[in-house]
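Quick notes on the structure that follows.
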Amino acid sequence: MEEKYRDITLDELTDLCIRRGIVFPSGRIYGGLAGFYDYGPVGVELERNILNDWWKWFVETRDDIYGIDGAIITHPRTWEASGHVESFIDYIVTCTSCGAEYRADHLLEEVGVKIPEYSLETIKSLIENNNVRCPACGGKLSEPRKFNLMFDTQVGPRKSMTAYLRPETAQLIFTNFKNVVFTMGATLPFGIAQIGKAFRNEISPRNFLFRLREFTQMEIEYFVNPEKLNECPYFKEVEELRVNFLSAEEQERGVSEAKSIKLGEAVETGVIKNAWHAYWIGESLRWLWSLGLRPERLRVREHVKTELAHYAVQTFDIEYFFPYMGWKEIEGIANRSDYDLKRHQEYSGEALHIVDNGKTVIPYVIEPSFGLERILLAVLTDSYVREERRTYLRLKPRIAPFKCAVFPLVKRDGLDVKAREIYNQLKKHFRCYYDEDGSIGRRYAKADEIGVPFSITIDGQTLRDDTVTIRFRDTKEQIRERVENLKARLSELIATL
RNA sequence: GCGGCCGUAGUCUAGCCUGGUAGGAUGGCGGCCUCCCAAGCCGCAGAACCCGGGUUCAAAUCCCGGCGGCCGCACCA
């Protein structure tokens, strides 16, 4: 493979992020804290551009989606109702002779023992009473110990209440369902969107931004009358879209390559169970494509039965092909049925239904859930280009951390003064920076490396005719533009490229 | 979480085996030069060698523990 087209490795990407102020390992001066990262001055711009673009696409330009921003520390009952207390707290046992570790519920399940209640005492007595031994060596098992994937904390001065840092943002949408319906007069079908942090105490965080203990979710819970799951007015916008698709049935037959099909076909043949679910798959892909991610590196993979979450009827992951990790989930689109609203209704005693066509219904939920850091990682990976003498990020100008950089060709003859003047005008309209250090080539190279799409250079001719050059990152070509037209020209370029 | 390998300025790296208070490159800052793609020159600053403990007259160098990274396994509703 030619050097020019070699894909970036995760090591190189990590190095680039640290060297150029995109992302830093958190708590670095103290040796680092696994699973936590901080955005630097360049990364924060990219992060915000992506999440603002998402919000604009899925909330601002639609009439059927409301936004919220929920609390991170959540009422503990939320997680009892949602099923997370049951499914996120594992009981671990260790073999006292060979040292192997197992999930106690898995071992009990294997010997056909039902677990009536998830508590340390119950699990302990079940293991003992059924004489469960190590499946590897037959050795005696230790007492179970609790491992909670949810971070907990104490609320109040007397620390009497244990609360959890939300392990997913979705529940805040469900617990606010009634608030949104009543304050906004929402009628079916409609969605509630949220961007926010979620926390999971992962056993071993890995792969840089891919598996984190603190991460950002961008989610929509879209509510539909369960009798109208195929009545999606937007379906025609996506039914002709061709997507790389891998169904659960195919995977069970041993197929591992996705094939290209139209979303319309997938619904017709019943592979995707309803039109609304298909619509959200298509609409998600359209946004991911708009970020510049290569379509051939995106596919839709259905969850096989064993990987379905406790709340899900059917789930499709949007996976991106990371050259250094293979196909990995960057978004999950789940059909959560009426599971969550029903459970919250049951646990809270509050009615969580809505009136549709004169009848009360508990809506079904289709949930597109995007991992911001994973998408950022995919965008960086996908946009990285290495040429013989430089590397650059071919980011869409819309999401690039800096839209332009302003350079005097040399630092004399008043070029620097003129350049600053132009910069001071431009910075009112675009995120940009000024640089006069070192040779012009060096400044171009440094701008390319962080994906600045346009470099504005002030040269001798500028002083004579008030024109500057605009250099394009990907081609290194330059055009001349009058200073008075610069703002309009850049706006146009950012919007269209 | 388990096992293997690893941890020296912002980054890469020499030194570690054969203990005697760290050298280079690049980057950073200031200046000179430079009219187009990481050129050159001068000057300055920057690590007590991941953290803690031990052995020793003496430790970046040897030993132990912790933290962090990479790889494999497990985990990832």
Side-chain angles (χ1 to χ4, degrees), chain A residues 9-12 14-21 24-36 40 79 82-90 92-95 98-103 105-106 136 145 147 149-150 167-168 170 200-208 210-213 215 303 305-312 315 317 324-325 328-329 332 334 336 339 371 387-392 407-416 435-449 455-464 468-469 471-473 475-478:
Chain A
T9 65
L10 189 54
D11 277 349
E12 285 169 330
T14 308
D15 179 61
L16 173 69
C17 285
I18 293 172
R19 215 160 24 79
R20 296 308 311 274
F24 306 118
S26 197
R28 227 170 154 222
I29 61 170
Y30 294 111
L33 192 56
F36 300 92
W79 308 104
S82 71
H84 285 78
V85 167
E86 191 171 304
S87 67
F88 260 45
I89 300 178
D90 292 333
I92 310 282
V93 289
T94 311
C95 171
C98 74
E101 295 199 322
Y102 303 96
R103 277 180 53 173
D105 56 327
H106 286 179
R145 60 177 195 284
F147 177 71
L149 210 53
M150 291 190 284
E168 65 169 15
R200 293 180 194 184
N201 196 6
E202 296 283 357
I203 297 170
S204 54
R206 238 178 245 194
N207 293 330
F208 191 40
F210 194 77
R211 197 140 156 224
L212 299 171
R213 288 184 165 134
F215 56 98
H303 278 200
K305 278 199 191 69
T306 49
E307 56 182 330
L308 279 176
H310 62 274
Y311 50 71
T315 298
D317 281 347
Y324 43 83
M325 297 193 292
K328 293 281 182 185
E329 177 197 353
R336 294 180 79 127
Y339 175 86
E387 290 183 347
E388 304 88 285
R389 303 287 316 278
R390 64 165 186 158
T391 67
Y392 64 97
F407 306 138
L409 186 59
V410 293
K411 207 173 10 175
R412 60 174 165 78
D413 304 334
L415 293 184
D416 48 341
D435 189 3
E436 59 176 28
D437 290 328
S439 70
I440 189 69
R442 205 173 112 78
R443 283 174 271 157
Y444 288 147
K446 290 189 67 176
D448 290 342
E449 198 178 30
S455 294
I456 312 302
T457 306
I458 285 70
D459 58 13
Q461 193 180 330
T462 309
L463 301 182
R464 295 194 294 276
V468 297
T469 61
R471 171 187 178 271
F472 294 83
R473 174 195 63 208
T475 60
K476 307 201 293 199
E477 280 164 8
Q478 290 176 303

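In what follows, chains are A, B, ... by sequence order, proteins preceding strands, each numbered from 1. Bear in mind the structure is a predicted one, so any value in this text is a computation, not a measurement.
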Identify whether any heavy atom of A:L308 sits under 4.0 Å from a base atom; if not, whether one sits that close to sugar-phosphate; answer base, sugar-phosphate or nothing.
sugar-phosphate

Counting Watson-Crick and G-U wobble pairs only, both distances under 3.5 Å, name the nucleotide matched with B:U26, or none.
B:G10

Distance check, C1' atoms only: B:A14 and B:G24, in whole angstrom units.
7 Å

Quick check for you: to the nearest 0.5 Å, what is the distance between A:E12 atom CD and A:R19 atom CZ?
10.0 Å

P spacing across the pair B:G28 / B:C67, given as an integer number of angstrom:
36 Å

Roughly how many Å is it from CE in A:M325 to P in B:C76, rounded to a whole number?
18 Å

Has the side chain of A:Y30 got a donor or acceptor that lies under 3.5 Å from a partner of the other kind on the base of B:C67?
no

B:U13 and B:C6: how far apart are their P atoms, nearest whole angstrom?
14 Å

Once you apply a heavy-atom cut-off of 4.0 Å, does A:Y311 come out as touching a base, just sugar-phosphate, or nothing?
base

Upstream residue (5' side of RNA chain B) when A:I29 and A:D15 are each assigned their closest nucleotide:
A:D15

Considering only NZ, NE, NH1 and NH2 on the basic side and carboxylate oxygens on the acidic side, decide whether A:R442 and A:E436 come within less than 4.0 Å.
no

Over how many whole Å does the gap from A:R390 atom CZ to B:C37 atom P extend?
13 Å

Distance, C1' atom - from B:C12 to B:G69, rounded to whole angstrom:
16 Å

Give me the distance, rounded to whole Å, that separates B:U56 from B:A45 when you measure between the C1' atoms they each carry.
35 Å

My understanding is that a pair needs two contacts under 3.5 Å, Watson-Crick or G-U wobble. By that rule, which nucleotide pairs with B:C62?
B:G54

Checking contacts here: which listed nucleotide (B:C71, B:A38, B:C37) is nearest the side-chain heavy atoms of A:N207?
B:C71

To the side chain of A:L33, which of B:U34, B:G68, B:C36 is closest?
B:G68

Side chain of A:D11, base of B:C70: donor and acceptor closer than 3.5 Å?
no

Please pick, from B:C37, B:G28, B:G1, the nucleotide with the shortest atom-to-atom distance to any side-chain atom of A:R442.
B:G28

Listed partners of A:S82 passing side chain to side chain donor-acceptor pair (under 3.5 Å), at least two apart:
A:H84

A:S439 side-chain N/O to B:A39 phosphate OP1/OP2 under 4.0 Å
yes

Quick one: does A:E307 reach the base of B:C76 with a side-chain donor-acceptor pair under 3.5 Å?
no

By side chain to side chain contact (heavy atoms under 4.5 Å, CB included), which residues pair with A:P25, not counting sequence neighbours?
A:I18, A:R28, A:Y37

In whole Å, I'd like the distance from the CG atom of A:D459 to the P atom of B:C37.
13 Å

A:R471 (side chain) and B:C37 (base): donor-acceptor pair under 3.5 Å:
yes

Between A:R390 and A:E387, does any NZ, NE, NH1 or NH2 come within less than 4.0 Å of an OD or OE carboxylate oxygen?
yes

Considering only the P atoms, how many Å lie between B:C70 and B:U11, rounded to the nearest integer?
15 Å

Provide, to the nearest angstrom, the distance between the CD1 atom belonging to A:I18 and the C1' atom belonging to B:C50.
14 Å

Per atom distances to the A:R28 side chain, the nearest of B:C35, B:A38, B:G10 is B:G10

Which label fits A:Y339 and A:H310: parallel for a plane angle under 30°, tilted from 30 to 60°, or perpendicular past 60°?
perpendicular

Ignoring hydrogens and geometry beyond distance, is the side chain of A:R206 in donor-acceptor contact with the base of B:G69 at under 3.5 Å?
no

To the nearest angstrom, the CZ-P distance between A:R20 and B:A38 comes to 15 Å

I want to confirm an ordering. Mapping A:D437 and A:D413 to their closest nucleotides on RNA chain B, which one lands closer to the 5' end?
A:D437

Of the candidate nucleotides B:U34, B:C36, B:G1, which contains the atom at the shortest distance from the side chain of A:K411?
B:U34

Calculate the interatomic distance between A:E436 atom CD and B:C35 atom P; express it in whole Å.
15 Å

What nucleic acid atoms does A:R389 come within less than 4.0 Å of, heavy atoms only: base, sugar-phosphate, or nothing?
base

A:F215 ring centre to A:R200 NZ or CZ under 6.0 Å, with the angle to the axis within 45°?
no

Base, sugar-phosphate, or nothing for A:Q461, non-hydrogen atoms under 4.0 angstrom?
nothing

Could you measure between the two C1' atoms, the one in B:C49 and the one in B:G3, and give it in whole Å?
28 Å

Which nucleotide in the list B:C76, B:C37, B:G1 gets nearest to the side chain of A:K476?
B:C37

Side-chain contact check for A:T469: nearest option of B:U11, B:C36, B:C33 is B:C36

If the C1' atom of B:A38 is compared with that of B:G27, how far apart are they to the nearest Å?
12 Å

Which nucleotide in B:C76, B:C36, B:A39 has an atom nearest any side-chain atom of A:R211
B:C76

When both hydrogen-bonding distances must be under 3.5 Å and the geometry is Watson-Crick or G-U wobble, what is B:G19 paired with, if anything?
none

Would you kindly say whether A:T462 and A:D459 are connected by a side-chain donor-acceptor distance under 3.5 Å?
yes

Considering only heavy side-chain atoms of A:L409, the closest of B:A38, B:C35, B:U34 is B:C35

Would you mind pulling out the nucleotide paired to B:C41, Watson-Crick or G-U wobble, both distances under 3.5 Å?
B:G31

Closest to side chain of A:A34, choosing from B:G69, B:U34, B:C35:
B:G69

For B:C73, which nucleotide in any strand shown is its Watson-Crick or wobble partner with both distances under 3.5 Å?
B:G1

Quickly work out the A:L149 CG to B:G1 P distance and round it to whole Å.
13 Å

Could you tell me if A:R473 sits above the aromatic ring of A:Y392, with its cationic atom closer than 6.0 Å to the ring centre and no more than 45 degrees from the axis?
no

How close or far is atom C1' of B:G1 from atom CG of A:D90, stated in whole angstroms?
12 Å

